[in-house]
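For reference, the structure is listed below as structure tokens.
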Amino acid sequence: MQSIDKNEIKKLRRLVMEKDFSRMNDMQRQAVFATEGPLLVLAGAGSGKTTVLVNRIANIIRYGRAYDSDFINANLTDADIEDCKRFIEGEELSDSVRFLLADYPSPAWKVMAITFTNKAAGELKDRLINMLGEEGEQIWASTFHSSCARILRRDAERLGYTPHFTIYDADDQRRVMKAVLRDLDISEKTMPPRAVLSEISRAKDSLRTPDIYESEAAEDFRLKMIARAYRAYQRKLEESDAMDFDDLIANTVKLFKACPDILEYYQDRFNYIMVDEYQDTNHAQYEFVNLLAAKKKNLCVVGDDDQSIYKFRGATIENIMNFEHDYPGAQVIRLEQNYRSTQNILDAANAVISNNTERKGKSLWTGNGEGKMISYHLAENEVDEADKISRIILDGVGGGAKFSDYAVLYRMNAQSQNFERMFAKQGIPHRIIGGTRFYERQEIRDMIAYLSVVNNPADEIRMRRIINRPKRGLGDKSVDTAFQIAEQVGETFMEVISHAEDFPALSRAAAKLKAFGEMISRFIRMNESDDFTMNELYQEIIDETDYIEFLQADDPERAQDRTENVEELSSNIQRYEENEGATLSGFLEEIALFTDIDNYDEGADTVVLMTVHSAKGLEFPVVFLPGWEEGVFPGTAVIYNPAEVEEERRLAYVAITRAMKELFVSGAESRMIFGSTARNRASRFIDEIPEELLERTRSREYNIRKGVMPDFSSSEHENYQNNIYKPKPSVPAPAGTFKAGDTVEHKTFGTGLILTAAPMANDTLLEIAFDKVGTKKLFANFARLTKN
DNA sequence: TTATGGCGATTTTTT
DNA sequence: ATCGCCATAA
């Protein structure tokens, strides 16, 4: 038995635990040891949030609640105590002794950690496995969406879905909505599908059903229309055995509320729940988490109110703001020490964010030292801006830096083009994350649609997508009729087309429909049979549909590329098939929830380009932030709305805090965007950075006499040669000569009347009603017009 | 039923 | 600048 008293052992145990987590700072360690009850960790950017999460889970699994506990294991021997003392001196400690120190350590499979991105979940998982070995595998570390999908797959039948329901993405949603609006005779002009969908999405985020939505709409005409669309949309999804992203969360909550037994099962299953990026949760996610945690209340949420940037998509910052209110007695721990950036970068970030009123308040500091000044460069235009940035990169790489040290983070994907062109030209290896993703490419979506239909023949939207792709003479009309018949007869679409000849309305297309149906049935049988692998099925689909030939015929230019993509999907399938228990429906789910950022591999030595949103959670030694102009960042839609400006400012904060060593902010005097040139003022966020932190430069000096070309003394010259950038002609074009109302004479079109004259770039676009050939649009400079 | 061309509208951000 | 829609023609 023990020769030392209990208090001594407790003290020793604490020392052991502290030693075990000694790589963390005091605040971080506090969070690690606060295992019981609700805990809010306000983790500033770069404050080691993931480290805390990983270590906290490790603590829960190794020691349980031992740190604050009075419990002492009676089996602890003197020899064990000696081992502990040696551990503190720096020797190893065996797991069996650790276990004797523990008080209610939790099995790994009873711990749940929820993140937003697959990448964050994967990283968490990797680090947990790294720290805990095999045991780490059993922790539920996944995204909201995949956790919910997993829960729903088990019990979706209770909600009227099959276990292999399809997950609809944005494109599928759009197609459904278009069909809905058409059915309801609502013009897309008055109700753009996008807008309706986003309204519905917002409704689902806040757990408002069509019924609730309708009652809230009251007498508002527009809202009533949306309510009808919402109802019809939801019905279509249900008929198709499909859920959209929002449904995954909302239906899980619905399931929990409707089936207390299921809720209780999960409440009992999870001892500890952790939620990352809590500031980005929406109401449905909030509800999901709260239901799960309601019984044990061992809920730890980690987040940073200053980094809440997804309000537009339903995230409510209130979730994090009200946590202490929702969970009385919650511990709050602030992590303000930053391990990522220089003090200058943090000062800039702190200064910018301090202009926001809605925040918990927190100020980052670092031991990393001041670092370099923040550079702000005002370029002439967007091409010049990209050129200056490439030059800095090339200089840096010449001086020993890696391409992968650099990241360009912009406000919107459209900005990537300049950089892509410029980097390609300058031979800078780069990757663009986001934009058109692999799984959004047409050919990939086609193939996935085939697989989806095989997996779930009730999927109307994807059925419609492939039924005439490649072309097999089945136009909208026959397909519509077949669907109508299915509805009237009460059979499935597949059943109807399998005996299409029985329906006179289908006579013309009957044979084709039947052939198609038989082909799909064959695929379905292949999928159900154990004799074929998924990839064999996939190859069969490609062969049977002559899809490669179709690609060749459809667009010979891109056929090569697209064929490669189709093959790439095949290797993805094969890779997935290596997993145990791989199923088609599992594969489809995985890719449905996959995004581009998940694919970002920090290993490759290339410059990375992505939106600021995608960059959240990432860090880079050198960061470029182009387009800091009013109207770009902050964006146009947002300038006049103070609440949205705060969100943009948080975005700016996220952007700045991605940088470890150097930060280059820039803007352009004039910028070609969305097809026309704009001259924007510098972003207000630049003015919010203290002047003493800034080093301002500009491409063009001001005191150049009017009418004289600026002196291209440096690098500009060679670049502007190769028609990437054409200097404006110094002699003004005679474009202004023509105005609306003038009668003009054209060499071939004859006489006409100018209807409109729109100045564009260096020219004027004229719309002219000619007497003989009708109305044409012509550029004044090229039209060779004479005035009458 | 499919192919084409012109026209207009449309631009955050993403699981 | 690009995309998607629509009307028109084959």
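Each chain gets a letter, A, B and so on, in the order its sequence line appears, and its residues count up from 1.
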Whole Å only: how far is the [atom1] atom of [X] from the [atom2] atom of [N]?
{"X": "A/L197", "N": "B/dT14", "atom1": "CG", "atom2": "P", "answer": "17 Å"}
{"X": "A/L651", "N": "B/dT14", "atom1": "CG", "atom2": "P", "answer": "10 Å"}
{"X": "A/D205", "N": "B/dT13", "atom1": "CG", "atom2": "P", "answer": "18 Å"}
{"X": "A/K471", "N": "C/dA10", "atom1": "NZ", "atom2": "C1'", "answer": "15 Å"}
{"X": "A/L593", "N": "B/dT15", "atom1": "CG", "atom2": "P", "answer": "10 Å"}
{"X": "A/K512", "N": "B/dT1", "atom1": "NZ", "atom2": "P", "answer": "8 Å"}
{"X": "A/E277", "N": "B/dT14", "atom1": "CD", "atom2": "C1'", "answer": "13 Å"}
{"X": "A/K616", "N": "B/dT13", "atom1": "NZ", "atom2": "C1'", "answer": "11 Å"}

Requested in this report: Please name the residue in the list A/R174, A/K178, A/R194 that meets the salt bridge (Lys or Arg N to Asp or Glu O under 4.0 Å) test with A/E188.
Outcome: A/K178
Report task. Quick one: closest heavy-atom pair of A/V479 and A/F493, and the distance? Result -> O-CE1, 4.3 Å
Requested in this report: Could you say whether the aromatic ring of A/F312 and the base of B/dT13 stack, counting only centre distances under 5.5 Å and plane angles under 30°?
Outcome: yes
Query raised in the report: Between A/H283 and A/F288, is the ring centre distance below 6.0 Å?
Result: no
Requested in this report: Check whether the ring centres of A/H613 and A/Y310 lie less than 6.0 Å apart, and answer yes or no.
Outcome: yes
[X] vs [N]: side-chain N/O to OP1/OP2 distance below 4.0 Å:
{"X": "A/N413", "N": "B/dT11", "result": "no"}
{"X": "A/S146", "N": "B/dT15", "result": "no"}
{"X": "A/T611", "N": "B/dT14", "result": "yes"}
{"X": "A/T117", "N": "B/dT14", "result": "no"}

Report task. Have a look at A/G635 and say if it touches a base, only the backbone sugar-phosphate, or nothing, with a 4.0 Å heavy-atom cut-off. Result -> nothing
Query raised in the report: What does A/Y310 touch in the nucleic acid at a heavy-atom separation under 4.0 angstrom: a base, only the sugar-phosphate, or nothing?
Result: sugar-phosphate
Report task. Would you kindly compare A/A170 and A/S478 by the position of their nearest DNA chain B nucleotide and give the one closer to the 5′ end? Result -> A/S478
Requested in this report: Could you pick out which residue, A/R194 or A/N468, lies toward the 5' side of DNA chain B when each is mapped onto its nearest nucleotide?
Outcome: A/N468
Requested in this report: Decide yes or no, distance alone: a donor-acceptor N/O pair under 3.5 angstrom between the base of B/dT13 and the side-chain of A/R313.
Outcome: no
Query - Any A/R175 side-chain heavy atom under 4.5 Å of A/R464 side chain - result: no
Cut-off 3.5 Å, side chains only: do [X] and [Y] have a donor facing an acceptor?
{"X": "A/D244", "Y": "A/Y233", "value": "yes"}
{"X": "A/D459", "Y": "A/S240", "value": "no"}
{"X": "A/D247", "Y": "A/Y168", "value": "no"}

Protein-nucleotides 4-7 of chain C N/O pairs under 3.5 Å:
| unit_1 | atom_1 | unit_2 | atom_2 | d |
| --- | --- | --- | --- | --- |
| C/dC5 | OP1 | A/K178 | NZ | 2.6 |

